[in-house]
Amino acid sequence: MKKGEILEGMIEQVDFPNKGIIDIEGTRVIVKNGAPGQKVRFSVNKVRSNKCEGRLLEVLEKAPGEQEPRCPHFPDCGGCTYQNLPYEQQLQMKEEQIRRLLDSVCKEYEFEGIKASPEQYGYRNKMEFSFGDEYKDGPLALGMHKRGSFYDIITASSCQIVDEDFRKILQETLAFAGESGLTFYHKLSHQGYFRHLLLRKGKKSGEILVDLITSSQSDGKIDLSRWAERLQALPLSGKLAGILHTVNDSVADVVKNDGTEILYGQDYFYEELLGLKFKISPFSFFQTNSLGAEVLYETARSYIGDTKDKVIFDLYSGTGTIAQVLAPVANHVTGVEIVEEAVEAARVNADLNGLSNCDFIAGDVLKVLDSLTERPDLIVLDPPRDGIHPKALEKIIRYGVDRMVYISCKPTSLVRDLEVLQANGYRVERVCAVDLFPGTVHVETVCLLSRNK
C-alpha cells in the first residue's frame with residue numbers, strides 16, 4: 001500500500017468518534033466519516049507498519065438501512081456526520097463504540113446501553129454560526145464550516161438540529177450583513193467586520209438571546225439598531241429576550257468578549273431543567289440539548305443514590321446544574337469550575353432556586369483541592385473533553401470516597417482515567433451512555449465507581 005493510492009473497501013465498523021475501519025489484505029485502514037456497511041473509494045494519505053489512514057472520496061454502495069438525510073446541507077456541512085443513518089442505527093453504533101472502549105479497560109461491570117435524546121431534530125438550544133464565504137471570493141455566507149475546511153462556510157439556512165426560529169434569525173442577519181457592504185473578518189489578514197452569530201433559546205421558556213459578534217472595524221458605517229428592529233419584526237414562535245452586539249478583536253478564531261452592548265431587552269434568558277430555573281448569559285456554559293440534559297442528569301442522580309446529609313464535591317461544575325440537582329437533600333455541595341463567568345452564574349442560579357447549601361469556587365480543580373478543608377462523602381466528576389489532569393486525579397483518589405460518578409463527553413478520555421482509578425482501588429460498577437447529539441459523532445457517558453473494600 002502506497003501513499004496516494006486509490007483503493008476501495010467495505011467499512012466493517014466505526015470506532016469513536018468517526019474512524020471507519022477497512023481491512024485491505026490484512027492491513028487496517030482508518031477512513032473517517034463513513035458508516036458501517038458502506039463500500040467506499042478512498043485515497044491513502046498515511047502509511048504505517050500496522051495501520052494506514054485514508055481520505056474518503058466516494059460512497060460506492062450505501063450501508064444497509066441508510067436513508068436520505070433530512071438536511072439539504074448534509075454531508076457538505078461539518079456539523080453532522082450520521083444524518084444518513086436511521087436514529088436506531090446511530091444509537092446502536094454509539095453504544096457499540098463505548099462498549100468496545102470500556103471492554104478494553106474494564107473486566108466486570110454492568111453496561112446499561114444507551115438512552116436516546118427525546119428529540120432527534122431541532123434539539124440544540126445554542127448555535128454559534130460563522131461568517132465567511134463558501135468559496136474564495138464568493139458571496140457572503142453565514143453558517144457552519146464545510147467538512148474538512150478551515151475557511152469555507154456553508155450557509156446553514158435549513159439546518160435541522162436547530163428550530164425554525166434560529167433559521168429565520170440566521171437568514172435575516174445574513175441579508176442585513178450583505179446589504180451593509182461590510183465584509184466578514186478574514187482569518188489571515190485580520191481585516192473585516194462580521195465574525196459570528198450566537199443564538200440561544202430556552203426549550204422550556206421559549207426565550208431567545210441573539211448576539212452578533214464583530215470586530216471593531218466598522219468605521220461607523222453600520223447602524224445595528226436597524227438589524228435589531230428587523231429581528232423584532234420576524235414571526236418567531238419564541239420570544240426575543242435580548243439582542244446584543246459583542247466586539248471581538250482577538251486574532252484567534254474563537255468567540256471572545258471585548259465588550260457587549262445591549263441593543264434590545266436584556267443580556268440573559270431563563271431555562272428550566274428538572275424543576276430548577278437557570279439564568280443563562282451569552283457565553284455561560286449550559287448543555288446544548290435541554291431535554292437530553294434532563295435524561296443525563298436524571299441518570300447521574302440515580303447513580304449517585306442517597307445524598308441525604310452527605311457532603312458532595314461537584315468538580316468541573318460549570319454553571320452548577322448537577323450541584324443544584326443534588327443540593328435539596330444533601331448536607332453541603334461544593335462546586336469547582338475554572339471559568340469565572342460560569343461560577344458567577346452558578347451562584348446566581350443557586351439563589352434563584354433558593355439553595356443555600358451550595359458553594360461555588362472559581363479555579364483550577366488541581367489547585368483548589370489543596371485549599372478545601374471539608375472532606376467529601378462522594379464526588380461527581382464532569383470534566384471537559386480532555387478528561388482530568390493526572391495530578392488532579394491523584395488528589396481526587398486520595399479522598400478515598402466510597403462512590404464517584406464520572407460524567408464524560410469524550411469516552412476515550414473516560415477510559416484513560418478509568419484505568420488510573422481502577423489501579424488505585426476503584427471498580428467500575430455501572431455505565432450508561434446518553435445521546436445528547438443526534439446526527440453527530442458525540443455522546444455522553446455516565447459511570448458509577450465504588451471503592452474496593
Given the rule in the side-chain contact (heavy atoms from CB on, under 4.5 Å) test, do L170 and T155 qualify, once you have shown the distances and angles that lead to the verdict?
CA-CA 9 Å; L170 179 150; T155 294; 4.0 Å; yes
After noting the C-alpha distance and the side-chain angles of I30 and I21, does the key distance pass the side-chain contact (heavy atoms from CB on, under 4.5 Å) rule?
CA-CA 5 Å; I30 296 174; I21 308 301; 4.0 Å; yes
Intermediate values then yes/no, salt bridge (charged side-chain N to carboxylate O under 4.0 Å, His left out), E179 and R230:
CA-CA 13 Å; E179 293 163 13; R230 288 170 65 162; 2.8 Å; yes
Verdict with supporting geometry, N125 and S290, side-chain hydrogen bond (donor to acceptor under 3.5 Å, both in side chains)
CA-CA 7 Å; N125 59 34; S290 297; 2.8 Å; yes
Carefully, step by step, assess T173 and W227 under the rule side-chain contact (heavy atoms from CB on, under 4.5 Å).
CA-CA 7 Å; T173 301; W227 167 67; 3.0 Å; yes
Audit row: K62, E68, salt bridge (charged side-chain N to carboxylate O under 4.0 Å, His left out) steps and yes/no:
CA-CA 10 Å; K62 291 185 176 182; E68 285 300 313; 2.8 Å; yes
Would you sort out whether E207 and K239 count as a salt bridge (charged side-chain N to carboxylate O under 4.0 Å, His left out), showing the intermediate values?
CA-CA 5 Å; E207 294 181 334; K239 178 185 177 183; 5.7 Å; no
Could you go step by step and tell me if I407 and I322 meet the side-chain contact (heavy atoms from CB on, under 4.5 Å) rule?
CA-CA 10 Å; I407 302 171; I322 296 173; 3.3 Å; yes
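F278 has its side chain within reach of Q324: a pair of non-hydrogen atoms, C-beta onward, lies under 4.5 Å apart. Looking at heavy atoms from C-beta onward, C432 lies in side-chain contact with K115 at the 4.5 angstrom threshold. Two residues are said to be in side-chain contact when any heavy atoms from C-beta on lie closer than 4.5 Å; V44 and K2 fail this criterion. At least one side-chain heavy atom of Q83 sits less than 4.5 Å from a side-chain heavy atom of I161. Inter-residue side-chain proximity for M144 and M127 is flagged as met; some heavy-atom pair is nearer than 4.5 Å. Counting heavy atoms from C-beta on, the side chains of N248 and Y185 never come closer than 4.5 Å. When side chains are defined from C-beta on, Y316 counts as touching I388, because their heavy atoms get closer than 4.5 Å. Contact annotation: the side chain of R100 approaches that of D15 to within less than 4.5 Å [non-hydrogen atoms, C-beta and beyond].
Here R195 contributes atom CZ and E128 contributes atom CD; the two are 10.5 Å apart, rounded to the nearest 0.5 Å. In this structure, the separation between CG on N84 and CD on Q90 is 8.0 Å, given to the nearest 0.5 Å. D386 CG to D417 CG: the interatomic distance, rounded to the nearest 0.5 Å, is 10.0 Å. The NZ atom of K201 lies 9.5 Å from the CG atom of L240; values are rounded to the nearest 0.5 Å.
The ring pair (Phe, Tyr, Trp, His ring centres under 6.0 Å) analysis of residues 109-148, with sequence neighbours excluded, yields the pairs F131-F194. Applying the ring pair (Phe, Tyr, Trp, His ring centres under 6.0 Å) definition to pairs two or more places apart or across chains, none involves residues 41-81.
A donor-acceptor pair under 3.5 Å is formed between the side chain of K94 and the backbone N or O of H442. Not a single donor-acceptor pair under 3.5 Å links the side chain of R430 to the backbone N or O of V446. A donor-acceptor pair is defined here as one N or O able to donate and one able to accept, closer than 3.5 Å; such a pair exists between the side chain of D211 and the backbone of T246. Listed for the S408 side chain is no donor-acceptor partner under 3.5 Å among the backbone atoms of T445. When atom types are taken as modelled, the side chain of E337 and the backbone of V343 share no donor-acceptor pair closer than 3.5 angstrom. At least one donor-acceptor pair under 3.5 Å links the side chain of N349 to the backbone N or O of K279. Looking only at distances, no side-chain donor or acceptor of D219 sits under 3.5 Å from a matching main-chain atom of K221. Not one N or O on the side chain of S149 forms a donor-acceptor pair closer than 3.5 Å with the backbone of K146. Using modelled atom types, one side-chain atom of S215 and one backbone atom of G192 make a donor-acceptor pair closer than 3.5 Å. Without hydrogens or angle criteria, E134 side chain to P139 main chain gives no donor-acceptor distance under 3.5 Å.
A donor atom on one side chain and an acceptor atom on the other are found under 3.5 Å apart for E96 and Q92. Q287 and T321 share no donor-acceptor pair across their side chains, judged by distance under 3.5 Å alone. A donor atom on one side chain and an acceptor atom on the other are found under 3.5 Å apart for S237 and D165. With no hydrogens or angles considered, a side-chain donor-acceptor pair links N289 and S117 at under 3.5 Å. Side-chain N/O atoms of E53 and N45 include no donor and acceptor closer than 3.5 Å.
Other residues, nucleotides and ligands contribute over 12 non-hydrogen atoms within 6.0 Å of the NZ atom of K126. Summarising the local packing, NZ of K204 is surrounded by more than 12 heavy atoms from other residues, nucleotides or ligands at distances under 6.0 Å. Heavy-atom neighbours of E340 CD from other residues, nucleotides or ligands within 6.0 Å: at or below the threshold of 12. Atom NZ of K51 is surrounded by 12 or fewer heavy atoms from other residues, nucleotides or ligands within 6.0 Å. K168 NZ: more than 12 foreign heavy atoms inside a 6.0 Å radius.
Contact record, A228 with I243: O-CD1, 3.6 Å, taken as the closest heavy-atom pair. Heavy-atom minimum distance, L174 versus L140: CD1-O, 3.8 Å. Residue C447 comes nearest to V431 through the heavy atom pair SG-CG2, 3.9 Å, listed as atom of the first residue, atom of the second, then distance. The minimum heavy-atom distance between I153 and G132, with the atom names listed, is CG1-CA, 3.8 Å. Residue I22 comes nearest to G9 through the heavy atom pair CG2-CA, 3.8 Å, listed as atom of the first residue, atom of the second, then distance. Here the shortest heavy-atom pairing between F360 and G320 reads CE2-CA, 3.6 Å.
Judged as a ring-ring contact (aromatic ring centres under 6.0 Å, His included), and not counting sequence neighbours, the contacts of Y268 are Y270. Every residue two or more places apart in sequence or in another chain that forms a side-chain hydrogen bond (donor to acceptor under 3.5 Å, both in side chains) with D249 is listed here: S216. A search for salt bridge (Lys or Arg N to Asp or Glu O under 4.0 Å) contacts involving E298 returns R301, not counting sequence neighbours. Here E261 pairs with nothing under the side-chain hydrogen bond (donor to acceptor under 3.5 Å, both in side chains) rule; sequence neighbours left out.
Across E119, E271, E272, a single residue satisfies side chain to side chain donor-acceptor pair (under 3.5 Å) together with K203, and that is E119.
The pair E164-R167 meets the salt-bridge criterion, since a charged nitrogen lies less than 4.0 angstrom from a carboxylate oxygen.
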